[in-house]
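Only heavy atoms go into these numbers, but all of them, side chains included; no hydrogens, no water, no symmetry mates.
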Amino acid sequence: MTTVDRSEAMDHLERLAVQLEAHSFQVRLTAPAGLYPRLRVINPIEPTMAEDVLASNASDGEWWYWLSWAGRIGHASDVVTAAERIASVLHVIRR
């Protein structure tokens, strides 16, 4: 992943983090050296329910959100839908 790609991935993950916080998730954005940046998403009611989310561009240049096990969540331009899908996976009760 190039520096430009890392920067864009971080931008997409930051936008998703804001949306997920609105769904009552705890989030932590990390960018480990040599690895894709990732957003750790934690259900605050049941902290063992957590998932790492990545943002990556496909071969056609389009950006997508992915679960850590390579499950595609949704297009990075649709942050609301991506957050709702993550909420359904982690079963967060909305306040």
Side-chain angles (χ1 to χ4, degrees):
M1 179 172 256
T2 68
T3 303
V4 173
D5 289 346
R6 279 182 71 83
S7 176
E8 190 165 354
M10 293 289 287
D11 289 345
H12 288 297
L13 292 172
E14 286 171 357
R15 284 192 293 280
L16 182 60
V18 169
Q19 190 67 37
L20 288 167
E21 287 176 330
H23 282 270
S24 302
F25 282 105
Q26 294 173 350
V27 295
R28 184 175 59 241
L29 183 59
T30 60
L35 298 174
Y36 284 93
R38 59 201 63 234
L39 184 65
R40 183 72 173 166
V41 184
I42 303 163
N43 177 333
I45 297 166
E46 182 57 54
T48 60
M49 293 188 70
E51 182 62 61
D52 287 334
V53 176
L54 299 106
S56 180
N57 56 336
S59 59
D60 63 0
E62 294 291 318
W63 281 83
W64 295 86
Y65 293 114
W66 300 83
L67 294 171
S68 62
W69 41 270
R72 188 183 284 191
I73 299 167
H75 198 275
S77 66
D78 190 357
V79 178
V80 172
T81 299
E84 289 172 354
R85 289 178 180 163
I86 293 166
S88 71
V89 168
L90 296 179
H91 307 288
V92 167
I93 297 170
R94 297 181 188 171
R95 296 181 200 158

Query raised in the report: Can you name the closest pair of heavy atoms from W63 and H12 and give their distance?
Result: CG-NE2, 3.4 Å
Requested in this report: Can you see which heavy atom on M49 is nearest to which on L90, and at what distance?
Outcome: CE-O, 3.3 Å
**Report entry** V89 vs I73 side-chain heavy atoms within contact, under 4.5 Å
**Finding:** no
Query raised in the report: Between CZ of R72 and CG of L54, what distance do you get to the nearest 0.5 Å?
Result: 13.5 Å
**Report entry** Interatomic spacing from OG in S77 to OH in Y65 - rounded to 0.5 Å
**Finding:** 8.5 Å
Query raised in the report: Are L67 and M10 connected in the hydrophobic side-chain network, where two residues link if heavy atoms are under 4.5 Å apart?
Result: yes
Query raised in the report: Same cluster or not: are V80 and L16 linked, directly or through other Ile, Leu, Val, Met, Phe, Trp or Tyr residues, by side-chain heavy atoms under 4.5 angstrom apart?
Result: no
Requested in this report: Could you tell me which non-hydrogen atom of G74 sits nearest to which non-hydrogen atom of R85, and how far apart they are?
Outcome: CA-NH1, 3.8 Å
Query raised in the report: Between R38 and Y36, is there a donor-acceptor pair closer than 3.5 Å when you use the side chain of the first and the backbone of the second?
Result: yes
Report summary line: Between I45 and N43 the two heavy atoms that sit nearest each other are N-OD1, 2.8 Å
Query raised in the report: Are side-chain heavy atoms of R40 and T30 found at a separation under 4.5 Å?
Result: no
Query raised in the report: Hey, does E84 have a side-chain heavy atom less than 4.5 Å from the side chain of H23?
Result: yes
Query raised in the report: Between R28 and I42, what is the shortest heavy-atom contact and its length?
Result: NH1-CD1, 4.2 Å
Requested in this report: Calculate, to the nearest 0.5 Å, the distance between atoms CG and CZ belonging to L39 and R15 respectively.
Outcome: 12.5 Å
Query raised in the report: Looking at side-chain heavy atoms only, is the closest gap between L13 and D11 below 4.5 Å?
Result: no
**Report entry** Shared hydrophobic cluster, W66 / L20 (ILVMFWY, side-chain heavy atoms < 4.5 Å)
**Finding:** no
Report summary line: Here the pair of heavy atoms bringing P44 nearest to S24 is CG-O, 2.9 Å
Query raised in the report: Does the pair F25 and I86 meet the rule for a side-chain contact (heavy atoms from CB on, under 4.5 Å), with working shown?
Result: CA-CA 10 Å; F25 282 105; I86 293 166; 4.1 Å; yes
